[in-house]
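Below is a structure I'd like to ask you about.
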Amino acid sequence: MAQERIKPRNLRGFQDFLPPSAQARQRIVDTFREAFELYGFAPLETPALETEEVLLSDMGVDANKQIYRFSDLENVKVGLRFDFTVSLARTVAANLNRISLPFKRYQVGPVWRYDKPKRGRYREFTQIDLDIIGVAPYEPEVEMVAAVARGLGKLGADNYIFRVNDRRYLGEVLERLGVVPEKGKDIFRVLDKLQKQGEKKVRDELTGKLLLQDFESALEYERMQEVAIPGEAADGLLAAIKDTSGLREHLGGFLARVEQEGVGEGNIVADPSLTRGLDYYTGFVCEVDIRGAESLGSVGGGGRYDDLLGRYSANPLTGVGMSVGLDRLADALAATGVLEADAGQSSAQVFVAVFDDALRAECASIARSLREAGVPAEMWLAGGNRNGRTLSKQFKYADKVGIPLAVVAGEDELAKDPPCVQLKDLRTGYGQEGKQNEIPRDELVAWVKELLA
RNA sequence: GGGGAGGUAGCUCAGCUGGAUAGAGCGCUGGUCUGUGGAACCAGAGGUCGAGGGUUCGACCCCCUCCCUCCCUACCA
């Protein structure tokens, strides 16, 4: 009796990446890895699963809801990492005796957040994360921004823009305006909405003038009431936020140093309204966008956290870190035409056709010689003794999976002296010059390298 | 989390005011074609019409519940 068929569906907010897009993603990761290592960053790997205790140690109430949590088969309460910072803190605290400061590391991998999936937002997504532990501002910030910018530049994405700020600068502004520092975090959260919601709405929210119906819950309304500050203070805050000169001064040589590192003036701006939501940032904060793909959301962000180890160790340690969202970056680069959305399905550069099964050994040896020379080569695997009858099918396949060159070694070519092969360029159209050549077998590798160069 | 629009073949969709064996294009497989890809023609495979319940002589179509997807918002990568 027929079993009920299972629908091949994915979990909500989870996605498969078929070879074409997986290849594009890996190219991005490789590029960042290379850029980071040029600055001396080393890889770190930590588990996807952490104990609930560790995961919840540093998060605000809001973040808790987004963490995948469950009990394992031995009833241990665990959860999937929702970013790399918590794991980093735990690892550093546990290995203080083996880590020399500054500790510079990067980590690439999936993280999980249980929120409502949307364009540019997934429940499982990949972060490319970079951190420097143990050195005061702003030299680590400079290096971090420069390393990420280098990766973006190498990808050909010159259309990036960093927005940077320092929460302490805003803290000073608050103090000058007579606002108690305890309100700082909530006020930052409100100010962060400036770009999206506009000045009036932000001012109203700061002074507590929003109507109840604008709120999703009574709890949020209550919270807003706690934030409420006097009108003059709100005006002063907004004025300070619109004027970037104070911040530029606060950041000292940071901007100049970043420029020295090759980040152009057009690729970075001081933006006092940027604060970011995460509570653990205590100083520098930044965000990266791809120009022309802003609607996808920022492709990366980060900042300085001055109490990374607070919950794990008596040693205070400062650090800066940021992460690039691979999924969003790939989307943004594809949307702005920087990177092809789709590579081929095959990673081979040469397709070796099998004229007839009787000649398979010859064909395999040709494929082998290409591989020995470092050229990815794929040989036709299906077969049948058909004397060239399947060539049509083979070329169709090679073309579809995006292999640029094809080799045919049939009876006639191999019988020549010296033995020859046909080398065909699948990228060019019919009847074009140089599309197909009969060449000595010994010269194949040289010809292939020439054509691929 | 709040609001809106939708789910029919692998993909994009059509399907009359509810009527009998659910269609097209693309894609896939094979053939026309025993030495050559992107073309043309022919054939084939592929659907419990998102799931469950209800109304009805009869439901892809109407009603309810659930699931899922997309868009606009709130938060983030």
Side-chain angles (χ1 to χ4, degrees), chain A residues 2 4-5 7-15 18 60 62-63 65-66 82-85 110-129 189-190 192-193 196-197 201 205 213-217 219-220 275-279 286-290 295-302 322-332 351 353-356 359 380 382 384-414 421-432 435-436 438:
Chain A
E4 201 174 313
R5 252 177 293 180
K7 288 217 162 146
R9 39 169 32 135
N10 263 340
L11 232 37
R12 232 188 146 187
F14 286 67
Q15 37 183 356
L18 266 50
D62 293 344
K65 282 198 291 197
Q66 295 200 342
F82 76 99
D83 71 9
F84 287 117
T85 309
V111 300
W112 295 266
R113 292 188 197 173
Y114 201 86
D115 60 9
K116 189 173 157 187
K118 205 196 98 161
R119 174 181 294 286
R121 169 179 319 198
Y122 309 96
R123 285 184 168 178
E124 178 183 67
F125 60 100
T126 298
Q127 287 196 332
I128 302 169
D129 195 90
R189 222 189 295 268
V190 177
D192 204 27
K193 300 175 182 170
K196 274 189 179 174
Q197 302 196 340
K201 212 168 170 193
E205 193 167 345
Q213 66 227 34
D214 287 323
F215 290 86
E216 287 161 20
S217 67
L219 191 97
E220 195 179 325
T275 64
R276 301 182 52 74
L278 290 174
D279 283 341
C286 70
E287 226 165 80
V288 209
D289 286 284
I290 296 297
S295 64
L296 289 172
S298 64
V299 299
M322 71 177 293
S323 57
V324 173
L326 175 60
D327 308 78
R328 278 192 189 172
L329 180 60
D331 288 350
F351 176 79
V354 176
F355 183 80
D356 186 280
L359 298 171
W380 182 246
N385 282 304
R386 304 206 58 192
N387 261 316
R389 273 198 80 187
T390 61
L391 282 180
S392 165
K393 208 200 279 190
Q394 298 189 36
F395 285 121
K396 194 171 179 181
Y397 165 80
D399 184 52
K400 276 199 173 157
V401 298
I403 303 175
L405 302 177
V407 174
V408 190
E411 288 167 333
D412 299 347
E413 294 86 1
L414 289 172
V421 297
Q422 298 280 351
L423 178 59
K424 187 179 170 78
D425 194 332
L426 294 172
R427 296 168 297 188
T428 54
Y430 278 123
Q432 277 186 271
K435 181 176 155 46
Q436 179 163 345
E438 184 169 286

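Within every chain, numbering begins at 1; the chains are lettered A, B, ... in the order of the sequence lines, protein sequences first and strands thereafter.
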message: Tell me which nucleotide, if any, is Watson-Crick or G-U wobble paired with B:A77 when both distances must be under 3.5 Å.
response: none
query: Paired with B:G38 by Watson-Crick or G-U wobble geometry, both distances under 3.5 Å: which nucleotide is it?
result: none
Same-atom distance (P) from B:U21 to B:G25, integer angstrom: 23 Å
- prompt: Considering Watson-Crick and G-U wobble pairs with both distances under 3.5 Å, what does B:A45 pair with?
  reply: none
task: May I ask you to verify whether the side chain of A:R119 and the base of B:C72 hold a donor-acceptor pair under 3.5 Å?
output: no
task: Please evaluate the base of B:G35 for a donor-acceptor partner in the side chain of A:Q436 within a cut-off of under 3.5 Å?
output: no
field: Nearest-angstrom distance, C1' atom, B:C66 to B:U56
entry: 23 Å
task: Could you measure between the two C1' atoms, the one in B:U36 and the one in B:G47, and give it in whole Å?
output: 38 Å
message: Considering every strand and a 4.0 Å limit on heavy-atom distances, what is the contact class for A:D412: base, sugar-phosphate, or nothing?
response: base
query: For B:G10, which nucleotide in any strand shown is its Watson-Crick or wobble partner with both distances under 3.5 Å?
result: B:C26
- prompt: In whole angstrom, what separates A:R121's CZ from B:G1's C1'?
  reply: 11 Å
message: Over all strands shown, is A:Q394 touching base, sugar-phosphate only, or nothing at heavy-atom distances under 4.0 angstrom?
response: nothing
query: Do A:K400 and B:G27 have a side chain to base donor-acceptor pair shorter than 3.5 Å?
result: no
message: What does the B/S/- profile of nucleotides 6-12 of chain B look like, 5' to 3', with a 4.0 Å heavy-atom cutoff to protein?
response: -------
message: Heavy atoms only, 4.0 Å cut-off, all strands: where does A:Y122 land among base, sugar-phosphate and nothing?
response: base
- request: Pick base, sugar-phosphate or nothing for A:V408, based on heavy-atom distances below 4.0 Å to the nucleic acid.
  value: base
query: Using a cut-off of 4.0 Å on non-hydrogen atoms, how would the nucleic acid contact of A:E287 be classed: base, sugar-phosphate, or nothing?
result: nothing
message: With a cut-off of less than 4.0 Å, is there a side-chain N or O of A:R12 near OP1 or OP2 of B:U69?
response: yes
- line: In Watson-Crick or G-U wobble terms, with both distances under 3.5 Å, the base opposite B:G19 is B:C57
field: Separation between the P atoms of B:A22 and B:C64, rounded to whole Å
entry: 28 Å
field: Aromatic ring of A:F125 stacked on base six-ring of B:A77, 5.5 Å, 30°
entry: yes
query: In whole angstroms, how far is the C1' atom of B:C71 from the NZ atom of A:K116?
result: 10 Å
field: Pair A:W380 and A:Y397, ring centroids less than 6.0 Å apart
entry: yes
statement: Taken to the nearest whole Å, CG/A:L11 to C1'/B:C67 is 13 Å
- request: Give A:K393 one of three labels, base, sugar-phosphate or nothing, depending on what nucleic acid heavy atoms sit under 4.0 Å from its own.
  value: sugar-phosphate
